[in-house]
Each structure stands twice: as C-alpha cells, then as structure tokens.
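Convention: sequence-line order gives letters A, B, ...; per-chain numbering from 1. Keep in mind it's a predicted model, so treat the numbers as computed, not measured.
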Amino acid sequence: MTIGIEHYLVVSLVLFLLGLFIVVTHRNGVRILMGVELILNSANLNFVAFNRYMPDSALSGNVFAIFVIILAAAEAVVALAIVLAVYQQFSTIHMDEISNMKH
Amino acid sequence: MGNIESLAYFIPELILTATVLAVLFADVLGGEREGFDPPANFAFVGCVAAFLAHFTLYSLPSTPLFNGILIHDPFGAFFKGFFIFCTGVTTAMVIVSREVARFKKGEFCVIILCVCIGMCLVAASRDLLMIYLSLELMSLGSYVMAGFSRKIGPSEEASLKFVLYGGVSTGIMLFGISLLYGLTGGTSFEAVRSALAGAGSGIEPIAFLALLMVLVGVGYKVAMVPFHFWAPDVYEGAPTAVTAFLSVASKGTGFALLIRFFFSVFMQPAEGGWATLAPLHFDWGLTIAVLSAITMTVGNIGAYPQTNLKRLLAYSGVAHAGYLLMGVSLMTSTGVEAVIFYLVMYLFTNMTAFFVILVVSESLGTERIAGFRGLWRGAPVAAFMMTLALFSLVGLPPTAGFVGKLYLFYAVLQQKLYWLAVIGVLNSVLSLYYYARIIKAMYLETSSETEPAVHSSPLAGLILIVMAAPVLYFGVFWNPLVEYARYCAHLMQ
Amino acid sequence: MDALLPSLLFYAFAGVILGSAAFTAFARDIVHAAFSLLFTFFGLACLYLYLGADFVGLSQVVIYVGGILVLLLFGVMFTGHQTQETEKRTVNFYWGLALIALLGAGMVPALLKAPWAVKSAAELPEAKSTISSIATLLMTDYLLPFEIASLLLLMALIGAVVIARGETKTDEGESPETSA
Amino acid sequence: MHLLEILSWLILALPLAAFAVQMAVGARLPRYGDFISIGAISLSLVFCLLVFFRVIVLEYSPDYVFAVSYPWFSGGSIEFRWGFYIDNVTAFMLVVVGVVSTLVHIYSVGYMHGEENYHRFFAYLGLFSFSMFLLVLCDNLFTLYIAWELVGVSSYLLIGFYYTKHSAANACIKAFLTTRVGDVFMFLGILLLVLYTGQLAYHDVFNAVAHGEISGTVLTIAIVCLFGGAVGKSAQFPLHVWLPDAMEGPTPVSALIHAATMVAAGVYMVGRMFPMFSQSAEAMLVIAYIGLITAFFAATIAITQNDIKRVLAYSTISQLGYMVTALGVGAYTAGLYHLMTHAFFKALLFLCSGSVIHAAHTQDMREMGGLRKKMPITFATMLIGTLAIAGVPFFSGFGSKDAIMAGALAFGSEHGAHMTIFIGLFVAAGMTAFYMFRLIFMTFYGESRNQHSYDHAHESPASMTVPLLILAVLSIAGGFGLYGGLWFNHLVVPPALQEAAHAAAEHGGEHGGAHGEAWIHYGAMGLSIFVAALGIFLSWVVYGVKWISAEKTAAAIRPIYQLSFNKYYVDEFYQKIVIAFVLWIRKVLAAFDRIVIDGIVNLTAPLMRGGATFSGGFDHYVVDGVLNLGALIVQAAGSVSVMLQNGVIQSYILKAAIAAAVILVVHQYIQFWL
C-alpha cells in the first residue's frame, strides 16, 4: 500500500491533540511550552506534507515551515525568559499556584 | 509590484524601522544618564514622523505590494495610522510616567515599535504567511511588554499567562492556516478564495474547521468570548500604558484581521457588502452575531463585581469587542464604516480613561475604585476627563461614544437584525451601572483618608487634554470622521 | 513490493513520533518528557527528509533539536526539577481527555473527507533537493517576510534579555513596588 | 438672521455660559457667583418672554411656525440638519421653563444658603436649564434625544447633590437607571423612524409618515418605543418608582425638575409628535390607559403618605398621568394646557413645602400642624396652589383639568367601552382634592404635634417668599377665570399637518370649536366641581374637624390602606423579580459548572456561598430599598466570574477549547450529517 496524504494528516492530528492535551492538563509551565511546540510541529508537518503532494512544484509550504520553525524558536526564547522571571518571583512554575489575579 | 518599487508605499514602516535602530543605538551609546531620556523621545518623534507620513498613503492608488504579499488600500492605510497613533500615545504615556523603570525605557520603545510594525503589516497582509508572521511579531512583543511593570509579581504572572494563552491560540490558528494551504495549494488570499469558490459542496466541513481555528487566533486578539479569558488577568497585571495599548491597538489588529482575512477569503463582494462564498452554506454572519451578543453580555456582567479599575476596563473592553463584532457580523460596508468609526472613538476614549488611571494611580498608589473617592476635589481635571471617557463608553451624548453606538445600531437595524440591536441596547443600559459606580466614587463619595492629592506634570495634562478633546469634538461634529470612515471602508479584494 | 519499504519507513517514523509525543504527554517526570521530545523532533526531521523537504528537515534538526530542546531543558533545570511534581501531576486530566475526544470527533471526518488540492501518491514526481530553490525564494518573493523575521528575532532577543534580567537594579534609588 | 433665531441662540447660550463659569471659577467669586447664574437665567427669561410676545401677540396665527436649520452631518445617504422649531406650543413651553427656572434660581439663594458646594448647585441648575431649553427648541429627533439625556444627567447630578447622604446617592442612581430603561426604548424608536423615513427633523418625519413611508405595525412599534421614553421621564406606570425617591434632592430641584419641567418633557415630546402619534389608534389607546393607570394609582398612594414631599411627588405622578391620558384620548391642547398650569401650581406647592420644611426641619406631616399662624405667606400661597390642583373654579387647575375631563368624556361617548377612562379620571380628581386638603389640614391647621419645632418655626426670607407670591399669581391667572381651556384651545391649534390628526383632535372633544358639543363641556364642568367639592368636604370631615377618625378608618380598611401605604409594593415587586432572576442565574450557572466544567468538587463552594447569601440576605434585601439592586447584580455577576475566571491558565484554555470544540461538533454533526 502507498502512503497518501491522509496518513500524514492523521499523524499531525494526533500530534496536535497531544499538544493540546499537555497544555490543558499539565501544571508545569515548561511542560505547557512543550505542548505548544507539539502544536506548532503538527502544523508544520501539514505544510511539508501538503507541499510534497501538491500538483505544482512551488515550495511555499516548505518556506512557510521554515518561517514557523524560526518563529517557534523566537517564541521559545521569550517564553522561557518569562518562565525564569516568574520562577524568580514565585519560586514555582506550577501554573495553578500562579493565579493571584482572578475573578 | 516588485520589492523595490513597493518601498514608496512603505514609508511609515521604513520610518518606524529606522526609529527602532536609532533608539537601539541611542540606548546603547547613551548609557544611563540623568534627566533627558533620548531613546524614548526618539521613539516618540519617530511615531509622529511615521504618523505624518502615513497621510501620504491616502493619495496613492490601491495596489498589491511586494509581489502580492501585501496590499495597499484605504482600509490598510487607516489601520496603519491607527496603530502608529496608538504607539505614539503609549510612548508618551511611558515617557511621562514612572511605570517602566528608566533604564528599561529604551528597550521598551524598541519593542513597542516592532509591535507597531507588526500591526501595520497585519492590516496590509494578503498572504497567509504574512498574516502569521506579522501576528507573531506583534504577539511576541506584547508578551514582553506585559512584563515591563515595576509591580513585581502581577506583571510576571500577566506575562506568563499571556504567552501561554497566546502561544496556544496562535498555534491553533497556524493549524487552521495549514489546512487552508492544503485545500488550495497557495498562500495568497485570492488563491485561497478562488480554490474555495471552485470547490464542490464537500468542502463545507473542512472549510468550517479551518475558519474556526483561524477564528480562535483572531478571537483571542479581540478578546471575543469564549477566547477572552486572558484579557482581565493580563490587563490587570501589565503596566497601565501597555494595558491601554493592548486594549486599543491589539483589539484594532484583531478587527483589521477579522475584516481583511475573513472578508477576503470566505466572502465574495456582493451588493452593499459581502456574501458568503457560493459553496459554503454556513451563515458566518449569524455565527459572529451570536458570539457578539454573548461577548457583550459576558463582558458587562463580568465588569460588575470588579474593584480594580484596570480589570473593570478589561471587562468593559470585552463588552466593546462585542459591540464591534456586531458591526462585522453584518458584512456590509455600512457595518465596516461603523466599526472604523467606533474604533477611532474607542481609541480616544479608552486612552483617556487609562491615562487618568495612570496619572492617578502613580500619585495615589492604587488602582482600586475606592482610591478614586472624592477625586474631583484633588484633581478636578482628571475627574472630569474620566467622567467624559466613561460617558463615552456608556454611549451618552454628546460624546463620540454616542455617535459610535448610533452608527453601529443604525447599521444593525439596516440589516434588520432587530434581536441583536435589542441585546446591544440592553447591554449598554446594563453597562451604565458599573461606569456610574466610578463616577459616583469620584464625585459623590469622600475619601476616608486625607484628600487625594494628584501630582502630574503639565506634559501629562497636555496629553490628556489632547486625547480627551476629540471625545467631545467628535460627539458634536462627527461628519468629517464619518466621511473618513466611509473612505477607509474600501477594501481591495 | 516496491512500495513496501517506504511504507514501512513511514510507519516507523510515525510510530516514533507519536510514541515519544505520547510519552511527553503522559510521563511523570518532566526530564523524561523533555528527552522524549527529542525523539519527536528527530522523527519529524526524518519525516521531512522522507518527504523530500531536505532544507526543512535540516532546519528542524538544527533549530528544534539543537536550539529549542536545549532551551526547554535549560528551563527544566533552572526551575528546579521538582520531585514533588509526581504527587499532583496534572489538573483537569479527564476533562483534557474529553476535550481531545470531542475535538478529534469534530476534526477527523472533516480532515478525511476534505477535497485536498493534492495528487495521489502514485503520480508524484521524484523529490529533488529544495535548498537552492528555497534560497532563491527567500531572496526574491519572500524577501519582505525574511526581513520581518530578522526584525522579530532582534526584538525577541532584546525582550528575552530584558525580561530575564529581572529587577536587579533600580534607578534613582527608587525601590521597586512589590505587591502580591 | 431672524430675530427669533438670535433669541434662541441667546436663550441657550446664557445658562450654558453660567454653567461653565460656575464650574470653573464659581468657588472663588463673591457670593459664590450666584448672581451670575441668576443674571443669566433672568436674561434668558426675558428673551423667552420676547419670543412669546412676538409669537403669541405680535405675529399671532393659530398655526404659526418658525423654523431654521443648519447642516450637521451626513450619514449614509441622508443629510442631517439641526435647528430650531418655534410654534405656539414652543413659545408657551419656553415661558414655563423660563419662569419656573428663574424663580427656582432666586428661591435657591435663600434655601441653599450656606450649603457646601453652593456654586456647584447653581452650575447644575444652569446645565439643566440649558438642556431643557434645548429640548424645547430643537427641531429634530437626535437633538431631542441628546437634550433628553442631558436633562437626565443634570437631574442625576442634582438629586445626588447631598452626596454625603446615602439615600440621596442611591436615589440618583435609581433615577438615572430607571429613566434609562425608558430612554433605551426611545432610542430604538428614533432609530426605527430614521431607518424607515430617512429623516430626522420632526416636520420631515411627519411628512414621511403622512406619505405612508412608515405605517401599520412598524409605526405602532416605533410610537410605543418613543412613548417608552416618556414613560421613563414622565414617571408613568410602571417606571414611576424613581420619582418619589428623587425627592431626596434639594426641594428647589424637586420643584424645578421633578414637578414642573423635566417630568413634563415626556408630555411635551408626545405633544410635539402628536401628528405622528395620532396616526396609530392602538398606540394612542395604550398611551391613554397607561396615563389612566398612572393617574389613578398614584392618587390612591398619595392619600396615605405622611412625608409632605412624597405626597406631592405622587400627586405629580398622578397629574402627569392626566396629561398623558389627555394626549391619549386626543385632547391635545388640554394636555399641554394642563402641563402649563401644573408647572406653575406644582412648582408653587413644592416651593411652599420647601418653605415649610425649612421652617419645621422635618418632612413628616405628623410632626407638623398649626403652622398657619407662623407662616402666613406660605400658608396663603400653598392654599392657592392646593385650590388650583384640586380643580376649584377660578383657579388655573380647574380650566385645564376640566378640559381633560371633557376630552375623556367625549372619547368615552364616542367609544362606549372606554368610558372607564373618564370614570377613572373622575374618581382620581376627587381623590386629588382629598389628599391635597389632607396635606393642608395636617400641616397648617390644628394643634402642633411637635412643640419644639413649632416654636422654632418662622416665615422664610424674602428671596423664598417672593417666588411663592409670583407663582401664586400665576396659578390663579393661568386659569383665565373659567375660560382657560377655551382660550388655550384657540391659541394652540392642534397641528394640522394631516387631516387625520385634525379629525382625531376634533372628535376627541375639544370643546368649543366647530362642533360645539356644549353638553359635554358643561357636563364635565359640573361633575368636576362636584367631585372637587366632595373631596374637600371629606378631607375637612376627616382631618379638619375630625368627625371621622383617620386612624379608625384606616384600621377598618386595613388591607387596602396597607396596599396604598406601601405603594402597591411595586418596588418590592421589582426586587423580587431581580432576586428570582439572580437565583435562576445561580442555578443555571451552578448546573453548568457541575455538568460541564469543573466537576462536582468545585460545585459545593459557590452553592454554599450562594445559599448562605440567599438565606441570610433575603429579608435584608426585601426590606431595604432598591439600593440593593446594584448589590444583587454585583453578587450574581460575581458568582459568574468567580466560576469562570479562576486565575488558572490551563483552565482558561480548557474552557475556550471546549467551547470551540462544541461549536465545531455541533456544526459538523448537527448541521450536515443529521
């Protein structure tokens, strides 16, 4: 049997759902960031896979994926800086304990 | 149009970029000197120059730029001016306040200018890649800006909540974008639209999924229920100037994107506005209308128990997102006009309100409503400006807020969406009570402690008056603004 | 028989990716989770290469494995590898499961029935190296995004430094306000 | 520039300038600048009188109209203008507002003497006068709405003037909120009209209506919505609850805003729009019955109240009901005429009550008595006002009330089923005479029931008594003997824009005129005299010579007495609705929370909290005033945001994602694969 686009879609969907699952269930801020990275990777897989199966040979999917990777790196840098700043103040990165502002 | 020729249409952004570099060098070379504060002042001057430069855009014809990645049209030009103006005001607020530590003001200005460039690009994008890139540019900057406050604790908490919530939202949006790419094989708006328009009826479920996922990203930007949860916490913890910026500019970005992206991709021009693309059956306008009704109600109800003014205005911002969504849901050019008018009104009104909170809370050390008791004795001008802003937020004449609501409801009734108009009007009644609570505190109650003494620089007073005057002016002579809004409602498809 | 090996290769990669991602999601220890993420990223890079996207695959290895993952590990180390985490590892666990079940139910049919703008696997051309074409694209059609991305990186760098530097010093002797 | 145009500008500009000056530098001026405000409003009054003289005397014609307009803005395809519209009714209204406003300014010098923020009080009075003049002069719906809101704002500021008093602070919010409910409907009505006709100016809208651009159900809805504004502002049932509470404001304010001018704005508005209103018989009937209910119920409440200002407040509501009924049955001129006479005698009554309160230091009539000898001028003028409101011949109230009764009688004789309107008004007139003389007897006659305050009572200073005397003269002269109704009817002819309106007004029984149905006129007149006399007699029997004990009577009809004394529990009714609503929200949210979001564990806390608040707070809320309405909403809203906004970021994302997933699943499955 040959591998169609559906196979990739299923992989990316599962990755996406796992990422979302991490985000909503884990308390650790860094672990939540891992979830975000999984979501971004699932989208990237879509881009690359679609690009491969496209009729024309334009590479816009690939280019998109590269930009996403760059941006993910920037986002990770910023987010980890913030996580560190929070850890300095709160001595924890458990998000349910960092909830002074509410209601 | 190619890369080089396009630069003529790109002058405001170029000025902003040059300002970024200037501020950066001034900050590095200047060290930490007493008194005059070159980096922040450079930023302000740069904003003024860019704002003036953006007026040249209106005389240029609508055209695609940079090989079709961007577009120039009156709609984009308006939002460029809007964002640059917001940035200028926010920079001024940072200059006159002590909220951001002096040695950090340079970095702050670099970041806010980058965010501004990102916003300008969002309004002008017509390519999925550009949308994502410029949104990330502004989002990343916003996360950082929220953490700039000297109030240690809430500021970091706000920043972290913001980055996690925002990261997930944009991630989901990116997934939606990847699906659109898979459906069409292109990333430009017209490629996506023509592919969607040419598809059979089987496209419906996947188109809705992609649309919903993109809506998650946009909805979080405009603080639309149910994607609004971040707003109160972030607004409360962020520096007041940043809160003001987020509440106006960030919301404006969301609406620019909402109108530009959804109207260009999922709609086709129709008589007097837009209509859903032929193969898609879902009533996108109705979905937005329902969400708008829910949004304004949740925002107004949430504002009731608040004791912190910034948090209260955050909920009020959610409610106003609901009103604005009403205008979008109509999919008519009258609706877009009303949204543009309302945004301008909201810019002046909200900036005034936050400016008063900034000035007062710096003197009194509190952002609570109770701290504003008897304010009119200590600071009659500030109290009056706040009252004006609150009246405008309620929508009482003769303020710009009244005219804004008038146009919105007019547009809604024109489309015969009576139920939405009724909900909107009832909501504006509902909102009266919590705004009146602030006015009551300022005028009718007395402080238990000594009279609040508010110290502010003459510069702050000047900026305040410049921000507040249009609230009154446009409440009486709104015609020029209406004409302007009508002109700016032209989108190039 | 021709297609069997590539297919097996795909299933192997997919298995590695999903298995390690699931481990990241369900592992008790966050260090284990972070290391298992290495396999996810690496597996994805292999899948990209398998799809003929050599430049993306290489970027994935360099940036994700070499950059982001290292950053995440730094984050884990700096914030203290909290052992008590095992006591109350997750919140909303069942709600999370319900959410992904619901979302999956909404998304799977849409994804599988969608009329994608793709060819069937049989008529795909041979994959060629994309590196030089992508380089050309970045300097022509995508010049503006390229420049914007550099601006973004600059901003992220400055922002990260400012934030992480924290309130180590104050100006003019003002003490920073502290509030809970 | 036409003279009237210049005068209009001046009339508007002077009070506004006074407001600005007083706000800016009032505190630093000698005498706190009260002379500036008084000077400005007096000049405005002079200009009002000039307008009156020009319109009614020099260039009199029954359908005189002066209109001027300026470009304003263009919205959509419409070019909007604003301007002045002056006809005979406007001229009358200007004089009424000008006179009462000026007199109240002068009176306040004595009454507010030595109060803190004296200058701000005058500033607010100036703002109010400006808004009221604007409301009277303007020629289009939007300016009307703007002026409408401005009078609301200044009323809010003035009611809350004693801001240190908790009840005043709450009363002003209650007034603002309640009238806003009406205003919202008005706003919708205006939008509907503009949408269908594309016009703003009254005249153009009427023409559009006459051409049938808006008609049938939509017109009726628009009219009823517009009337909603009048229900709020003119304190008609069921939005009347704010007016009695508004008496917390200083008494001159009650006289100016809550008796003579602002509350009459609703009536004026209906009168202005009469050509349009008369196009919808259904709407007119609604208006008539709302007015009747208001007139009747407010009168029954006024009988049992003991607070002198509350009696007057309910009497005001009742009289406003008369005016509205008059408009509803088509007696256009009678309604407006009653507006004018009522403005004079009710302002007089309020100012007199202010004088009494000033002297006796209490508002409770049971503490008063025998003040006749101590305060002869106040007594005499108040008696004149009372005779006027009771409808005794030769006083102003007689002419106008008689005209309304005649209109109702004619309407009843035309449509037999609606004779109830006449009967209700007739009974209410008797009650009016009764409770007003009850007030007189309890306050001025008999023995003093509180020796201490009696000893300290004295006549008020001249700045207070002179306005009383002027108003007393007007209360008599406004009636023009017995023929005020006839006279006014000739001066102010019903707008003749449409034949239908004309016909409606005529068959509505304007006495005199071409039909000259004399029996209606004289019949109504005889009956009103009889019923007024009966009311006064009964009042004398009970409170004057005390042949019948008031207490025993009250005990005998205790349930009815209680009902009236407690104002038919309308306030409590509103509160119960709110409470039920809050409970319902709590239940829904709690269920939502339990089933969908946070699981059973989190449920107990809010429920316990809610339950505790409820059981502990129920009595409290019901017993306390409507001030708790705000607190209740806050509580309800609090429970919403406590549940949703719990501060934990994953929970935010979870809720948002679940919401999105539900939208998705509903869309994918329900809509397509069903």
Side-chain angles (χ1 to χ4, degrees), chain B residues 160-161 164-165 168-169 172 204-205 208-209 212-213 215-216 219-220 225-230 232-233 281-282 287 298 300-306 315 334 391 396-398 402 406-407 409-410 413-414 421-422 425-426 428-430 432-433 436-437 440 443-446 477-479 482-483, chain D residues 23 71-76 80 142 145-150 152-153 156-157 160 163-164 168-169 172-173 176-177 180-181 183-185 187-188 191-192 194-195 629-630 633-638 640-642 644-645 647 649-653 655-660 663-664 667-668 671-672:
Chain B
L160 185 55
K161 283 181 177 173
L164 293 179
Y165 202 98
V168 175
S169 299
I172 293 174
E204 178 94 35
F208 185 81
L209 176 63
L212 189 70
M213 290 185 134
L215 194 63
V216 170
Y220 128 83
V225 174
F227 312 118
H228 70 290
F229 291 104
W230 62 278
D233 294 3
H281 299 297
F282 51 84
T287 314
V298 169
N300 279 325
I301 288 182
Y304 267 71
Q306 302 308 327
Y315 280 103
T334 327
F391 273 12
L396 287 180
F402 167 68
L406 188 75
Y407 269 92
F409 288 124
Y410 182 83
L413 287 181
Q414 220 175 22
V422 169
V425 170
L426 286 180
S428 71
V429 178
L430 198 65
L432 182 68
Y433 184 81
R437 217 150 46 94
K440 191 177 144 199
Y443 284 93
L444 302 181
E445 290 169 10
T446 39
F477 305 101
W478 59 76
N479 205 21
V482 172
E483 293 295 334
Chain D
M23 277 311 268
W72 195 9
F73 66 95
S74 60
F80 289 143
F142 277 149
Y145 183 74
I146 289 173
W148 195 263
E149 292 289 350
L150 275 177
V153 169
Y156 166 79
L157 291 169
Y163 55 83
T164 42
C172 68
I173 287 199
F176 202 29
L177 284 177
R180 272 288 283 185
V181 173
D183 296 353
V184 163
F185 283 102
F187 186 71
L188 279 180
L191 275 181
L192 271 179
V194 172
L195 210 62
L629 185 125
I633 296 177
V634 167
Q635 295 231 342
V640 182
S641 73
V642 167
L644 292 180
Q645 201 79 26
I649 191 75
Q650 294 104 330
S651 136
Y652 294 172
I653 299 175
K655 284 161 195 165
I658 285 187
I663 295 175
L664 180 69
H667 184 272
Q668 308 290 50
Q671 201 169 336
F672 296 104

Exercise for the section: Kindly compute the distance separating OG1 (B:T334) from OH (B:Y407), expressed to the nearest 0.5 Å. Expected result: 10.5 Å
Problem - Check: B:P232 main-chain N/O paired with D:Q645 side-chain donor or acceptor under 3.5 Å - result: no
Completion exercise
On a heavy-atom basis, the closest approach of B:H228 and B:Y165 is N-OH, 4.1 Å
Problem - Top of B:Y220, B:F402, B:W230 for chain D proximity - count of heavy-atom pairs under 4.5 angstrom - result: B:F402
Exercise for the section: Tell me, for B:S428 versus chain D, whether the close heavy atoms (under 4.5 Å) come from the side chain, the backbone, both or neither. Expected result: both
Exercise for the section: Measure B:L396 against the heavy atoms of chain D and call it side chain, backbone, both or neither at under 4.5 Å. Expected result: side chain
Practice task
Please report the closest heavy-atom contact between B:P226 and D:A659, naming both atoms and the distance.
Solution key: CG-CB, 3.3 Å
Exercise for the section: Can you tell which part of D:F185 gets under 4.5 Å to a heavy atom of chain B, answering side chain, backbone, both or neither? Expected result: neither
Problem - Proximal component of B:F391, with respect to chain D [non-hydrogen, under 4.5 Å] - result: side chain
Practice task
Kindly say whether D:Y145 contributes a backbone atom to a donor-acceptor pair with the side chain of D:E149 at under 3.5 angstrom?
Solution key: no
Completion exercise
Applying a strict 4.5 Å limit to non-hydrogen atoms, the region of D:L157 in contact with chain B is neither
Practice task
Tell me, for B:L212 versus chain D, whether the close heavy atoms (under 4.5 Å) come from the side chain, the backbone, both or neither.
Solution key: side chain
Exercise for the section: Search all heavy atoms of D:G647 against all heavy atoms of B:D233 and return the closest pair with its distance. Expected result: CA-OD2, 4.0 Å
